[in-house]
Every structure is written in structure tokens, then in C-alpha cells.
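First the structure, in the form of C-alpha cells, and then the observations on it.
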Amino acid sequence: MKKTTLLYEGKAKKIWNTTDENLLISEFKDDLTAFNGEMKSSEAGKGALNNKISTELFKLLNDNGIPTHFVDMLDDNNMLHKKCDVILIEVIVRNIATGSLTRNLGIEDGTVLPFTLVEFDYKNDKLGDPKLNDQHALILGLVDYQDELDKLRRMARQINDILKPYFFEKGLKLVDFKLEFGKDKDGNIILIDELSPDNCRFWDVQSGESMDKDRFRQNKGGLKVAYENILNRILN
Ligand code: TYD
């Protein structure tokens, strides 16, 4: 499969058209951004790590009955996947309170939530990705029916039910993560984007250390070592 024209360049990936009109290639970049692009840096090798981690997690989810856009990992930085209509909703799943949840609601950092929280943000950089309720999403036409919002929530919980115990066995707490969904050419809702320490928070069970992009957000250093550690735990 060959790249043709650049479809879109995002903060962490370039998306390429290919010689097959139903397939795209995501090229994972080494760039790092946080706080809606206000903080920027780059870490050599980060793109390849995220491509490999995402590949393994998409395969795990596919094997467990979750439809995803993943087709193949082509090389270190490039993933082949289905072309979808992107649903402009970021689905945030939280098991433990941290980040914006603690800032917005004053819940103490590290509090284990009484149940898994699923939230929707409007994927719109200009507006700073505001929180959405179901009525907002329907008024904006981000999906066609309430049923589709219910399906996003259901799929997000199913994904959490697969990933949370999977990582716990590997000595990691899956604190929270962000999912994106799209509709494939037959109109099916499938998981798209990436699943990596850029959009998931992992805390080491033993030490409590962050093993994800919070190391960058909080200027802690050791980002690449942490991402390599996540990949090694997935592969072992
Ligand atoms: P959140 O606590 O809302 O964001 P922050 O503290 O960075 O402001 O993030 C919850 C989880 O979702 C976390 O694992 C990071 C991920 N996330 C993204 O990947 N992209 C985003 O735009 C947002 C808001 C969150």
C-alpha cells in the first residue's frame, strides 16, 4: 500500500490518503503537545513507540470483539487503517480522578471513582474541546440519534472492561483514557485514532509513578523510558 496525498496533519500524526480509497495511513510523529497545544516539544522515538503500543492494543481489542479501524502496522511509524467518517466527540473514560476532573470538580487526586465515568468532549480545538451533554451533541449534529451516543458509552465501557484488568495484571493502573470513534463505509461505529500513553494515563501499581504523557505535562522527564516500559509490559 502506498501513501499518496496528505489528508490531514494533526498534533501527533499525519494522515495520508493511499492508493486504496477505503484505506488511510497514520504516520505517528515524535511531536508532543499538551493543554490544547499551548505546551510543545518533541521526543525522538515517541511516534514509533505509540504506533507499536496502539497496534498491540487494537489487536487485543479486535480479538475481544471490539471493531477498530486497524488493518496493519506497516513499519516503525506507519499504521494502515480503514477510512472512516470521524465522529467529533472525544470519549473520556475515567477509573481514578486526576487531571481536569480534579481541577473542575475538586475531587481529590487519586480518588478511586465509585463507578467508571464516561464523559464526552466536543473535538474542536478552536473552542478548546468543551464538555458536551447528550443534547449538545444532538443539537450540533455530531451523531444522528441518541442510540448512537448510548452505543459510544457502551463501547467505551466494554473497552475499559478489557483494558483495565489487562493492564492491572501487568502492574499498571489504567487511570483514564480518551477514545475516538468513526463510522466505516457501511455505517458501523468503530474505534479509531490511537491508544497510547499520549491519550491514556497509567500509574505503576508498586510506585504510583505516572508512565504516560503526564511526565511531559508535569515536566518530570523520563517520558521515553516510561513509554518503552509500557510497550515491554504489553509484549511480555
Ligand atoms: P483530562 O484529565 O480531561 O485532561 P488534562 O488533565 O490533560 O487536561 O484527560 C483525561 C484523559 O483523556 C487523559 O488520559 C488524557 C486524555 N485526553 C486526551 O488524550 N486528549 C484530550 O484532548 C483530552 C482532554 C484528554
Side-chain angles (χ1 to χ4, degrees), residues 8-13 15 26 28-41 43 46-47 49-51 53-54 57-58 61 68 86-113 115-133 136-137 142 152-153 155-157 159-160 162-164 166-168 172-182 191-204 208-220 223 226-227 230 234:
Y8 170 78
E9 178 156 9
K11 284 176 272 197
K13 293 189 290 295
I15 317 281
S26 276
F28 286 71
K29 304 197 293 184
D30 289 337
D31 297 349
L32 277 159
T33 65
F35 307 116
N36 205 14
E38 274 170 44
M39 202 175 163
K40 282 191 189 137
S41 185
E43 176 89 32
K46 189 229 30 162
L49 285 163
N50 281 355
N51 187 24
I53 292 168
S54 292
L57 296 180
F58 280 140
L61 293 175
T68 79
V86 177
I87 297 172
L88 294 176
I89 297 176
E90 300 194 334
V91 180
I92 314 268
V93 181
R94 300 177 189 272
N95 295 307
I96 298 174
T98 194
S100 68
L101 187 67
T102 59
R103 290 197 299 275
N104 295 340
L105 297 185
I107 300 174
E108 196 182 337
D109 195 84
T111 304
V112 177
L113 299 174
F115 53 86
T116 300
L117 173 62
V118 180
E119 301 176 287
F120 294 153
D121 288 0
Y122 183 15
K123 190 172 158 60
N124 183 319
D125 279 345
K126 262 197 213 150
L127 297 176
D129 297 346
K131 287 264 160 266
L132 286 176
N133 65 29
H136 296 146
L142 304 181
L152 294 181
R153 279 199 193 87
M155 287 179 75
R157 286 185 192 285
I159 292 166
N160 187 53
I162 297 163
L163 295 183
K164 190 177 144 190
Y166 171 83
F167 280 110
F168 195 74
L172 292 164
K173 288 184 192 171
L174 178 60
V175 175
D176 58 27
F177 53 100
K178 185 258 303 180
L179 301 171
E180 294 188 20
F181 293 89
L191 183 66
I192 64 166
D193 192 42
E194 66 177 279
L195 268 175
S196 74
D198 269 12
N199 55 20
C200 303
R201 285 191 173 103
F202 300 106
W203 290 354
D204 182 80
E209 275 287 307
S210 287
M211 309 282 291
D212 54 65
K213 200 167 83 172
D214 270 350
R215 303 201 70 84
F216 167 66
R217 292 188 190 90
Q218 298 166 11
N219 274 312
K220 282 184 175 161
L223 180 119
Y227 283 37
I230 298 288
I234 288 172

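Both counts, for ligands and for their atoms, begin at 1 and track the order of listing.
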Checklist entry - Got the residues with a heavy atom under 4.0 Å of ligand 1, by chain and number? => result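 Close residues (ligand 1, cut-off 4.0 Å): Glu90, Ile92, Arg94, Thr98, Gly99, Ser100, Arg103, Asp121, Asp129, Asp176, Phe177, Lys178, Asp198, Asn199, Cys200, Arg201, Arg217.
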Item to check | With sequence neighbours excluded, residues passing side-chain contact (heavy atoms from CB on, under 4.5 Å) with Lys40 | outcome: Thr33
Item to check | Result of checking Asp198, Asn51, Asp30 against Lys46 for side-chain hydrogen bond (donor to acceptor under 3.5 Å, both in side chains) | outcome: Asp198
Next on the checklist: Out of the candidates Thr98, Asp176, Asp212, only one should pair with Arg201 under the side-chain hydrogen bond (donor to acceptor under 3.5 Å, both in side chains) rule; please name it.
Outcome noted: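 Exactly one pass, corresponding to Asp176.
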Checklist entry - What's the spacing between Asp109 CG and Ile96 CD1 if we round to 0.5 Å? => result 9.5 Å
Item to check | Evaluation steps, salt bridge (charged side-chain N to carboxylate O under 4.0 Å, His left out), between Lys11 and Asp125 | outcome: CA-CA 11 Å; Lys11 284 176 272 197; Asp125 279 345; 3.3 Å; yes
Checklist entry - In terms of side-chain heavy atoms, does Asp129 have a donor or acceptor partner in Asn36 at a distance below 3.5 Å? => result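 No - no donor-acceptor pair under 3.5 Å links their side chains.
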